[in-house]
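In what follows, a structure is listed as structure tokens, so that the remarks can point back to it.
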Amino acid sequence: MVNRNCRATLRLLTLINRQGHPHPPLSSSPSGHISHSYLILPFSIAFVFLTVLCFYSGTGIDACWKQLQRNNVHGEHKIVSFFSPLASSLKTRQWGVKIQSRCYGSASVLVQRNPKFSKLNDEDVRYFEGILGAKNVIQDDEKLITANTDWMRKYKGSSKLLLQPRTTDQVSEILKYCNFRCLAVVPQGGNTGLVGGSVPVFDEVVVSLSAMSKIISFDKVSGILVCEAGCILENIISFLDSEGFIMPLDLGAKGSCQIGGNVSTNAGGLRLLRYGSLHGNVLGIEAVLADGTVLDMLKTLRKDNTGYDLKHLFIGSEGSLGIVTKVSILTPPKLSSVNVAFLACKDYSSCQKLLQEARRKLGEILSAFEFLDSNAMNLVLNHLEGARNPLPTSLHNFYVLIETTGSDESSDKQKLEAFLLGSMENELISDGALAQDINQASSFWLLREGIPEALMRAGAVYKYDLSIPVEKMYNLVEEMRSRLGNDANVVGYGHLGDGNLHLNVSTPQYDDKILSQIEPFVYEWTSKHHGSISAEHGLGLMKANKIFYSKSPETVKVMTSIKKLLDPNHILNPYKVLPCSSIS
Amino acid sequence: MKIMVAIKRVIDYAVKIRVKPDKSGVVTQNVKMSMNPFCEIALEEALRIRESGLASEVVAVTMGPSQCLDTLRTGLAMGADRGIHVDSTSALHPLHVAKILRNLVQIEKPSLIILGKQAIDDDCNQTGQMVAGLLNWPQGTFASKVSPSSNHPGFKNQAFAPTMWWGFPKDKSNMSQIGKKEYTHGTMKSLIGVVLDKEKEEVTVDREVDDGIETVQLKLPAVITTDLRLNQPRYATLPNIMKAKSKPIKKFTPQELNVEIKSDLEIVEVTEPPKRKAGVMVSSVDELIEKLKNEAKVI
């Protein structure tokens, strides 16, 4: 079903592109606006044919199309569309239809702006200035461009307003007003998300939590930290470092990502193997619901079995159930002995066996187990300055990074060395290097953490984050390679210890032909092996309609009713996470 | 030909240093320790000379308590052939180290001693020079191999100055044995780092000094201390770690080497550098002038 949609919309896009016209077509329900379309008669017929085809398939995506109405956009600022940023504004003003088509991610879906959301007007801006002060109400174009574009530069919104509240009460006032006025809102943290969940799709108001970056309290005995949602992860890590503790999560984006966003996305990271997910480490949350109600669940208790534990709803909801404003998190103590080893394996099955052995021999000191394949290694060495190959003597097929964290330097090192030498004798690893000081350890981690950046520099990249049973994990990479052949560079790396594969397809430019080879094959393959189409990145906008690959319709129905309960007007982060067929 | 490399166990370069509350020193309990980065570079250079066939053996020497054996094992894992551990629990200052090294040289008889230019815990930059003085050997300090395209502040890009050659006056004892000195401004000379010539028994060293690169030619035996940009030390790979377990480590004590560890220096106090004060935002030029005049008192 979804296949047919892909083909249909792809045909549509090529039609439009062929015209060289930035002008988006007037799409409409068959019942009748076509009579008004005097400019696109030549291909409107073809288009109607296509829409009929689309309707035939009957998936949730089509319901969006039925919603379509003409919106007059006189007097609007320029509308940024992917076809042509500037010239389109003229035409669309005439036609008054706002369609955002995303050519890059899952290009197969054309999302329509929900007409029940109001448009922002000056009165709203003045009201916000009254709550926040003029300094925190931003309409400056440059700052808006950063807030409207995601880290991968794949998704671009057209929001006109960026708000920076400083207290939970201000957030509550903002949401109360937006709910009353039916203005859509996008909560934004560090804007490092990889599925387009942190940027507006159309003109939603962006509520940035960056100004709420205070560390409220820290209990040195229990290691429980209470901080506001806008604290940057790296700052929290350095604060905890001086107290002798560490954060239970660590990701490559730590320099920019904020803890509120991490919690809302249930970020996994590099230490999940040892410290578990955020569901286990977050002890309390303070969140603001869509109607402005402040839910204070900010406890600092390890155990609290009183009633339903609602904070888990917000962890991983990607800002669609409420805006997280404060977080209380349990932090583990910083252990003195950290050892990192970078190993080479000749094939994937030895990587798996190595994981089993590591779990057994290293046991409680194992804190990270990552793998990358030779394509990933080459990318990093070529595109990242300062990246150095620790095993330059020969090329290997797979590389594994193992980190151990313990309290006794000499015994940990002995354990690790014994394990590594044993694995070498059993031919599980063909070569390896052990970091002798912190600088060498960081250079090993750079090779693994720098892969996303290297991919960005190499050109266009299609990113997939999948949870697959460990035995079958690399089969997907090999199948993708055979499907795409020489057209693209398929790179596989990820958290082998958690069964999480980051599949990336690197091409010089974005190309729909390649996209059609990848999707929906990737999702179908994962679904067939009972995996998850989004292990840690979340659904966001990219996979908003793909949830059925990993969750049953009944489950999604319950999710939709929860969303309706907490956000009846659907103003929080619309068009994302749940399929739009299920919303209204 | 034997090369002796001295390595030191110091607090890891990336660790945040904290001063003890009684200001008597720096916190070393439960803090990650590792090999001094300059010593790593020295060992790497020695290994490269051996791999090019010009030396037969690299001996790594370390001095200190028994924990120093970890650092010595790292040195062996990088590729040194033998290790020597001089066991001493008292604080060793550069002069003690230099005396111990001199006495070890009389036992081991190496042709080249390579050390790091300084240790990152005391920043003394004295041991190499003292060893050369005690042994009466020529020294090439701050050995470096800066590439021509680097932004070294010493590279002045004027016209290429003619190379100046001067020998030392013959009346200075032993100076004529030391060799020639060449001095270059600018970037046009190709840089060699440390180059050994076995037949002539000489070593040519590029020294990184404030004005640029100075090339000295030393007659062996000689002392070389290494600077940051000489090479990039290798990682300790697993096969080498395995081999290191069977490499011999000889143990000495300062008494056996006839060196008396008598401290002539006493560290009186260690304090942190003053914390950087926060900046003050001023709203107008008048306020700035007023503050400069009255508060900072600079105008």
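Note that this is a predicted model, so its numbers are computed, not measured. Convention: sequence-line order gives letters A, B, ...; per-chain numbering from 1.
For chain B, the nearby part of Glu409(A) is the side chain; its heavy atoms alone come within less than 4.5 Å. The part of Asp12(B) that comes within reach of chain A is its side chain, from C-beta onward, which places non-hydrogen atoms under 4.5 angstrom from that chain. For chain A, no part of Pro37(B) is nearby; none of its heavy atoms comes within less than 4.5 Å.
Under a 4.0 Å N-O distance rule, the pair Glu403(A)/Arg448(A) does not qualify as a salt bridge. With salt bridges taken as basic N to acidic carboxylate O contacts below 4.0 Å, one links Glu108(B) and Arg82(B). Under 4.0 Å is where a charged nitrogen must lie from a carboxylate oxygen, and between Asp81(B) and Lys247(B) no such pair does.
Heavy-atom pairs under 4.5 Å with chain A peak, among Ser34(B), Ala77(B), Ala236(B), Ala14(B), at Ala236(B). For the set Lys16(B), Lys32(B), Arg18(B), the entry with the most heavy-atom pairs within less than 4.5 Å of chain A is Lys32(B). Contact tally against chain B (heavy-atom pairs below 4.5 Å) for Ser407(A), Pro390(A), Ser443(A), Pro392(A): the top residue is Pro390(A). The candidate from Ala435(A), Gly432(A), Ser442(A), Ser410(A) with the greatest count of non-hydrogen atom pairs under 4.5 Å with chain B is Gly432(A).
The distance from the CD atom of Gln126(B) to the NE2 atom of His93(B) is 10.0 Å, given to the nearest 0.5 Å.
Residues satisfying the ring pair (Phe, Tyr, Trp, His ring centres under 6.0 Å) test with Phe252(B), not counting sequence neighbours, are none. Qualifying ring pair (Phe, Tyr, Trp, His ring centres under 6.0 Å) partners for Tyr13(B), counting only residues two or more places apart in sequence or in other chains: none. Listed by chain and residue number, Val282(B), Leu292(B) satisfy the side chain to side chain contact (heavy atoms under 4.5 Å, CB included) test with Leu288(B) (two or more places apart in sequence, or in another chain).
Contact of the Phe142(B) side chain with the Asn125(B) side chain is registered, since non-hydrogen atoms from C-beta on lie closer than 4.5 Å.
Aromatic pair Tyr399(A)/Phe342(A): centroids less than 6.0 angstrom apart.
Of all residues in residues 39-61 of chain B, those placing a non-hydrogen atom less than 4.5 angstrom from a non-hydrogen atom of chain A are Glu40(B).
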